[in-house]
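Atoms within a ligand are numbered from 1 in the order they appear, just like the ligands themselves.
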Amino acid sequence: MFSTSIKMQSLKTKIAIIGAGPSGLLLGQLLAKKGIDNIIIERASGEYILGRIRAGILEQGLVSLLAEAGVDERMKKEGHIHDGFEIAHYGKRHRIDIKALTNGSTVMCYGQTEVTRDLMQARQSIGATTYYESSDVVIHEQNSNSPFVTFTKNGIEYKLDCDYIAGCDGFHGVSRQSIPKEKRNEFERIYPFGWLGLLSDTPPVADELIYCKTKRGFALASMRSSTRSRYYLQVPLTDKVEDWSDDAFWAELKKRLPEDVAEMLITGPSIEKSIAPLRSFVCEPMQDGRLFLVGDAAHIVPPTGAKGLNLAASDVSTLSKLLDKTYNGEEPDAVAKYSEIALKRVWHAERFSWWMSNMLHEYDDDNMNENETKTLERFMASELDFHLNYEEGKKVIAIQYVGTVSYTHLRAHETKANLV
Ligand code: FAS
Ligand code: PHB
């Protein structure tokens, strides 16, 4: 039984949101728009969160959600709509014309940092409460009708009473760990390489993204604006970011870009450089009583398919609709369906991201002998031939990259679940 200490300050809200990354902030904004009161508890400072360089590609579903949340003004001005991207296979460039192959769908190139900044400003402008730099966050009694969260801020202990708790605290947060281990069924694949990312205030080397599969390893040429570029190199898990000078990065990138592209590369000093490990991870179920896992708290994808942020947004879309139905009386126990609906889309995105990662990266799998390795290389070469030289193969990539399949699938499941 939890005993409230005399100096503990009591707070109350409808939805306690843990984490002020894109999941928490977008959920908070959508709920506020529906008149559902919420408080966000965040471990880090706003400045620290904005310093993390992450996703760069937004699916149309997320673009629409940001419009619904009323935070798409700057994105419409500064974001860049992309009709396609390229896959370079051993230097040969193949364009995936996503607009033509998906009857008009496109993606928006606008950094997650900017999405987070826009959401932070919107939350501030509506006067909603966010406790940044909080510590000792603990979730209590999620299987009762009166769950609550305790945390400390500036030496003061708080008890936040609420109806529901949204765990938007990422892969290393407390929410998933607050579900008893015996209730969690976790799936994981850790890839034997990482991505070394570099951000520079240099003009992008091409107008669209180029995913490069080379014998030296994978590379990705991306961007944040017409003056800011984002590049990635596949590196061994043993590499440390301090092993990579800017010059070394640029020299290796030039070797992995197609020759005609490498000639156009404009280099410059890095403004951010970091190595991210790659993993596929899913926790089932994504809820326990009145606690819901949202975004990276529930699942992780390798960034090869540009799905991480978009998948988080899809969870937010489903949960905000279910909570709305619960509070407006349409369906008092609507939230019971959250995990089942969300997981349909999660596994689609997980499989696509795993498949793109296997197709575009070369790596030694210690579990395979030499003959199995060379046989797998033939399979993957044939896989790429089908997906880069046949319209049907390109279409399979295009409809998943824009999120049509999983988005349509999600809509179908939401319709079946009487959600839309
Ligand atoms: P986040 O991890 O963004 O946010 C969780 C928040 O919870 C953080 O602010 C954290 O400080 C806070 N928190 C954690 N523990 C807490 C606690 N105990 N109490 C209170 N708060 C707590 N996706 C792509 O689509 N493309 C990419 O290129 C890409 N690159 C990535 C690179 C890296 C290094 C990483 C880690 C992820 C990348 N992702 C990418 C995925 C990324 O964009 C995530 O999908 C996205 O950040 C998910 O957002 P959230 O679910 O809000 O989780
Ligand atoms: C990025 O711009 O950071 C980015 C874009 C597409 C990806 C991964 C990362 O698939």
Looking only at protein heavy atoms, which one is nearest to atom 19 (N) of ligand 1, and how far off is it?
V137 CG2, 3.6 Å

Check: of R54, R43, R230, H172, min heavy-atom distance to atom 21 (N) of ligand 1 comes from R43

So that I can tick it off, tell me whether E272 and R230 are bridged by a salt bridge, with the cut-off set at under 4.0 angstrom between side-chain N and carboxylate O.
yes

Sub-4.0 Å atoms of ligand 2 with respect to non-hydrogen atoms of A306:
6 (C), 7 (C), 10 (O)

Atoms of ligand 1 close to I18 [distance to a heavy atom under 4.0 angstrom, numbered from 1]
19 (N), 20 (C)

Quick one: does Y232 get within less than 4.0 Å of ligand 1, heavy atoms only?
yes

Contact summary for S175 and G167, nearest pair of heavy atoms:
OG-CA, 3.0 Å

Suppose I only count heavy atoms of W195 and a 4.0 Å limit; which atoms of ligand 2 are within that range?
8 (C)

Quick check: do T318 and M286 have side-chain heavy atoms less than 4.5 Å from each other?
no

Could you check atom 44 (C) of ligand 1 against the protein and tell me its nearest heavy-atom contact, residue, atom and distance included?
D296 OD2, 3.2 Å

Are F193 and H361, when compared by the centres of their aromatic rings, separated by less than 6.0 Å?
yes

Given that the side chain starts at C-beta and the backbone is N, CA, C, O, which of these parts of L220 lies under 4.0 Å from ligand 2, counting heavy atoms, or is it both or neither?
side chain

Is K33 salt-bridged to E68, going by a charged N under 4.0 Å from an acidic O?
no

Is the Lys NZ or Arg CZ of K159 less than 6.0 Å from the centre of F148's six-membered ring, within 45° of the axis?
yes

Tell me which protein heavy atom sits closest to atom 11 (O) of ligand 1, plus the residue, atom name and distance to 0.1 Å.
E42 OE2, 2.7 Å

Subset of ligand 2 atoms that lie under 4.0 Å from at least one heavy atom of L209:
5 (C), 6 (C)

min-distance protein heavy atom vs atom 18 (N) of ligand 1 -> V174 CG1, 3.4 Å

Within 4.0 Å of some non-hydrogen atom of G295, the atoms of ligand 1 are 51 (O)

In ligand 2, which numbered atoms sit nearer than 4.0 Å to a non-hydrogen atom of P303?
7 (C), 8 (C), 10 (O)

Atoms in ligand 1 with a heavy atom of K307 nearer than 4.0 Å:
25 (O)

Heavy-atom distances under 4.0 Å decide this one: backbone, side chain, both or neither, for L311 against ligand 1?
neither

Near G173, which atoms of ligand 1 are under 4.0 Å from a heavy atom of that residue?
15 (N)

Nearest protein heavy atom to atom 6 (C) of ligand 2, by residue and atom, and its distance?
Y211 OH, 3.4 Å

Is it true that F218 and Y232 have ring centroids separated by less than 6.0 Å?
no

Nearest heavy-atom contact between S280 and E350 is CB-OE1, 3.6 Å

Non-hydrogen atoms of P22 and L119 that approach each other most closely
O-CD1, 4.0 Å

Which residue and non-hydrogen atom of the protein lie closest to atom 34 (C) of ligand 1, and at what distance in Å?
A276 CB, 3.5 Å

Distance to 0.1 Å, residue and atom name: give those for the protein heavy atom nearest to atom 9 (C) of ligand 2.
Y232 CE1, 3.6 Å

Taking every heavy atom of A166 against every heavy atom of L319, the minimum-distance pair comes out as CB-CD2, 4.2 Å

Return a yes/no value for L309: is any of its N or O atoms, backbone included, closer than 3.5 angstrom to an N or O of ligand 1?
yes

Honestly, for Q112 the part within reach of ligand 1 (heavy atoms, under 4.0 Å) is side chain

Find all atoms of ligand 2 within a distance of less than 4.0 Å from any non-hydrogen atom belonging to T304, and give their numbers and elements.
10 (O)

What do you reckon, does R54 put a non-hydrogen atom under 4.0 Å from ligand 2?
yes

Quick one: which of A55, A297, A349 has a heavy atom closest to atom 40 (C) of ligand 1?
A55

Where ligand 1 meets I41 - atom numbers and elements under 4.0 angstrom, heavy-atom basis
20 (C), 21 (N)

Would R230 count as being in polar contact with ligand 2, using the rule that some N or O on each side must be under 3.5 angstrom apart?
no

When every non-hydrogen atom of R224 is compared with those of R54, the smallest separation belongs to NH2-O, 2.9 Å

For K273 against L196, the heavy-atom pair lying closest together
CG-CD1, 4.0 Å

On the ring face of Y327, is K14 found with NZ or CZ under 6.0 Å from the centre and within 45° of the axis?
yes

Test item, Q112 contacting ligand 2 (heavy atom, 4.0 angstrom):
no

Relative to atom 49 (O) of ligand 1, which among G21, S274, P22 owns the nearest non-hydrogen atom?
P22

Protein contact of atom 51 (O) of ligand 1 - nearest heavy atom, named by residue and atom, plus distance:
S23 OG, 2.7 Å

What I'd like to find out is whether the side chain of I266 reaches to under 4.5 Å of the side chain of V205, using heavy atoms alone.
no

Taking side chain as C-beta onward, heavy atoms only, is C212 less than 4.5 Å from L257?
yes

Do any nitrogen or oxygen atoms of I57 come within less than 3.5 Å of a nitrogen or oxygen of ligand 2?
no

Which protein heavy atom lies closest to atom 7 (O) of ligand 1, and at what distance to 0.1 Å?
D169 CA, 3.2 Å

Cation over ring, R52 on Y48, under 6.0 Å and within 45°?
no

Ligand 1 to P303, heavy atom cutoff 4.0 Å, flagged ligand atoms 27 (C), 28 (O), 29 (C)

Please confirm whether the ring centroid of W347 lies under 6.0 Å from the ring centroid of H299.
no

Taking Y211 as the fixed residue, which of F85, W195, Y231 is the one that meets the ring-ring contact (aromatic ring centres under 6.0 Å, His included) rule?
F85

Interfacing atoms of ligand 1 (cut-off 4.0 Å, heavy-atom, I49):
9 (O)

E86 and R95: salt bridge (charged side-chain N to carboxylate O under 4.0 Å, His left out), yes or no, with the steps?
CA-CA 4 Å; E86 287 189 18; R95 183 164 187 268; 5.8 Å; no

Subset of ligand 2 atoms that lie under 4.0 Å from at least one heavy atom of S222:
1 (C), 2 (O), 5 (C)

Note: heavy atom closest to atom 5 (C) of ligand 1, options G19, C168, G308, belongs to C168

Below 4.0 angstrom from a heavy atom of A306, which ligand 1 atoms are there? Numbered from 1 as shown, please.
25 (O)

Going by side-chain contact (heavy atoms from CB on, under 4.5 Å), C168 matches just one of D315, V294, D296. Which one?
V294

